[in-house]
Amino acid sequence: AACCLLLPVGAGVASDAAESRRWRTVGCVGATMLAIALVGSGTRAAWIGLGVALATVLIVRRPARRLLLGAAGALVLALALLKDPGYRSYWLALFASQRGTWMQAAAQGWLVLLLTGSAERLGLVVALQFLPSLLFSLPAGVLADRYPKRDLLRFTQGGMTLLALAMALLVYTGWVRYGHVLLFAFLYGALNAMDQPVRQSFTVELAGKERYPGAIALNSFGFNTSRLVGPAVAGFLIAFYGVGAAYLANALSFLPILW
């Protein structure tokens with residue numbers, strides 16, 4: 001997972017010097033294939049991945065060396081950031097909330113199917129959840145420039161905590177209805193649309209411009225790992241404790257960053 005996440009980040013860093021979008025694409029493909037070779041060693045996919053990676057190095061040559069140097073630089077910066085107690089605490093808290101969010105996403109889809117059995121209504125819930133990103137992302141960026149970012153983060157994360165707790169309560173009491181899920185999806189999406197630009201700008205402020213590539217690597221690792229682990233844990237919770245447990249777990253996952 002670390003190879004798959006850090007090497008493409010290094011490709012992005014190296015591509016700035018290459019001055020060509022084509023090198024970025026080829027470099028990312030080669031780095032990803034090399035990661036597949038490392039992860040799936042001993043399988044046919046490993047040899048295919050290694051072959052594509054080596055072919056990419058032969059084709060790209062100098063940009064490929066820049067790719068590897070960029071990946072190494074991003075890894076060094078990421079490890080240096082983890083030695084910073086302030087940023088380490090922030091990243092671990094953010095990592096926990098991201099896992100909770102992906103757990104809730106899996107539970108929400110399952111809940112809609114339990115309530116309605118309709119794929120169309122599930123699609124409507126997803127559309128309502130991501131619609132606020134089109135409406136509120138720009139105003140949230142303005143707010144991030146004018147007000148303390150830490151306070152804005154507490155507001156958005158606290159709001160999502162209350163929403164998750166409310167949904168867990170509705171599920172456990174048996175009062176939950178499809179309309180509740182629609183309203184929850186829109187409100188949660190609105191808070192998340194405000195949270196993303198604030199969180200990204202706060203990351204730059206906390207890490208500094210010099211260490212920002214390392215912060216990108218860490219955030220990419222946390223996001224993609226959460227996307228992998230979160231739904232799996234949610235499936236376990238739903239199977240043994242019900243859908244409400246996933247919502248409750250998401251609410252609890254925000255506590256570290258609120259603290």
Side-chain angles (χ1 to χ4, degrees), residues 2 5-17 21 24 28 70-71 73-102 104-105 129-164 185-227 230 250-251 253-259:
L5 298 167
L6 291 176
L7 285 175
V9 171
V13 175
S15 65
D16 293 336
R21 184 176 298 177
R24 176 182 300 196
C28 286
L75 178 59
V76 170
L77 289 174
L79 294 177
L81 272 174
L82 287 178
K83 294 180 180 179
D84 183 345
Y87 192 87
R88 183 174 65 245
S89 299
Y90 167 73
W91 181 76
L92 290 174
L94 185 63
F95 188 29
S97 69
Q98 286 175 336
R99 288 200 307 271
T101 297
W102 281 104
Q104 179 180 273
Q129 182 166 338
F130 289 99
L131 176 63
S133 297
L134 300 176
L135 303 177
F136 304 129
S137 293
L138 289 177
V142 175
L143 290 175
D145 290 334
R146 295 185 178 180
Y147 297 98
K149 299 176 181 62
R150 190 181 296 273
D151 294 339
L152 291 174
L153 276 176
R154 286 185 177 133
F155 170 76
T156 56
Q157 301 276 324
M160 288 188 279
T161 302
L162 294 176
L163 285 174
F186 182 79
L187 293 177
Y188 196 91
L191 288 171
N192 192 50
M194 296 176 61
D195 180 78
Q196 287 183 359
V198 174
R199 184 171 5 106
Q200 290 172 0
S201 60
F202 184 66
T203 299
V204 178
E205 182 179 291
L206 200 60
K209 293 183 179 180
E210 297 79 8
R211 302 187 298 178
Y212 188 57
I216 293 176
L218 284 176
N219 289 346
S220 298
F221 176 81
F223 178 83
N224 288 287
T225 304
S226 300
R227 185 168 57 177
N250 182 42
S253 72
F254 289 112
L255 294 181
I257 202 166
L258 291 174
W259 184 266

Problem - Test: Arg99 cationic atom under 6.0 Å from Phe95 six-membered ring centre, within 45° of axis - result: yes
Exercise for the section: May I ask you to test the Leu191-Phe155 pair for a side-chain heavy-atom distance under 4.5 Å? Expected result: yes
Handout entry: Between CG on residue Leu163 and CZ on residue Phe186, distance to nearest 0.5 Å
Key = 12.0 Å
Fill in the blank from the handout: Which of Thr225, Asn224, Leu218 passes side chain to side chain contact (heavy atoms under 4.5 Å, CB included) with Phe221? It is Thr225
Problem - Side-chain heavy-atom pair Val198, Leu143 within 4.5 angstrom cut-off - result: no
Practice task
For the pair Leu258 and Thr161, evaluate side-chain contact (heavy atoms from CB on, under 4.5 Å) and give the outcome as yes or no after the intermediate values.
Solution key: CA-CA 10 Å; Leu258 291 174; Thr161 302; 3.7 Å; yes
Exercise for the section: Compare all side-chain heavy atoms of Asn219 with those of Trp91 and state whether any distance is below 4.5 angstrom. Expected result: yes
Problem - pair Phe202-Arg199: side-chain heavy atoms closer than 4.5 Å - result: no
Completion exercise
On a heavy-atom basis, the closest approach of Trp102 and Gly230 is CB-CA, 4.1 Å
Practice task
To the nearest 0.5 Å, tell me how far Asp151 CG sits from Thr156 OG1.
Solution key: 10.5 Å
Exercise for the section: Taking the side chain as every heavy atom from C-beta outward, state whether Tyr188 and Thr101 have any pair of such atoms under 4.5 Å apart. Expected result: yes
Practice task
Grab the two heavy atoms, one from Ser253 and one from Gly100, that are nearest each other, plus how far apart they are.
Solution key: OG-CA, 3.6 Å
Handout entry: Check: Leu94 main-chain N/O paired with Ser97 side-chain donor or acceptor under 3.5 Å
Key = yes
Problem - Shortest non-hydrogen separation from Ser133 to Ser137 and the atoms involved - result: O-OG, 2.6 Å
Fill in the blank from the handout: Between Asn250 and Ala164, the two heavy atoms sitting closest are ND2-CB, 3.8 Å
Handout entry: Value rounded to 0.5 Å, distance of CZ in Phe223 from CD1 in Ile216
Key = 14.5 Å
Exercise for the section: Of all the heavy-atom pairs spanning Ala193 and Pro132, show the shortest one and how long it is. Expected result: CB-O, 3.6 Å
Exercise for the section: Taking the side chain as every heavy atom from C-beta outward, state whether Leu92 and Arg88 have any pair of such atoms under 4.5 Å apart. Expected result: yes
Problem - Side chain to side chain, Tyr90 and Thr203, heavy atoms closer than 4.5 Å - result: yes
Exercise for the section: Answer whether the closest heavy-atom distance between the side chains of Asp195 and Leu153 falls below 4.5 Å. Expected result: yes
Problem - Gap separating the NZ atom of Lys149 from the CG atom of Leu206, nearest 0.5 angstrom - result: 11.0 Å
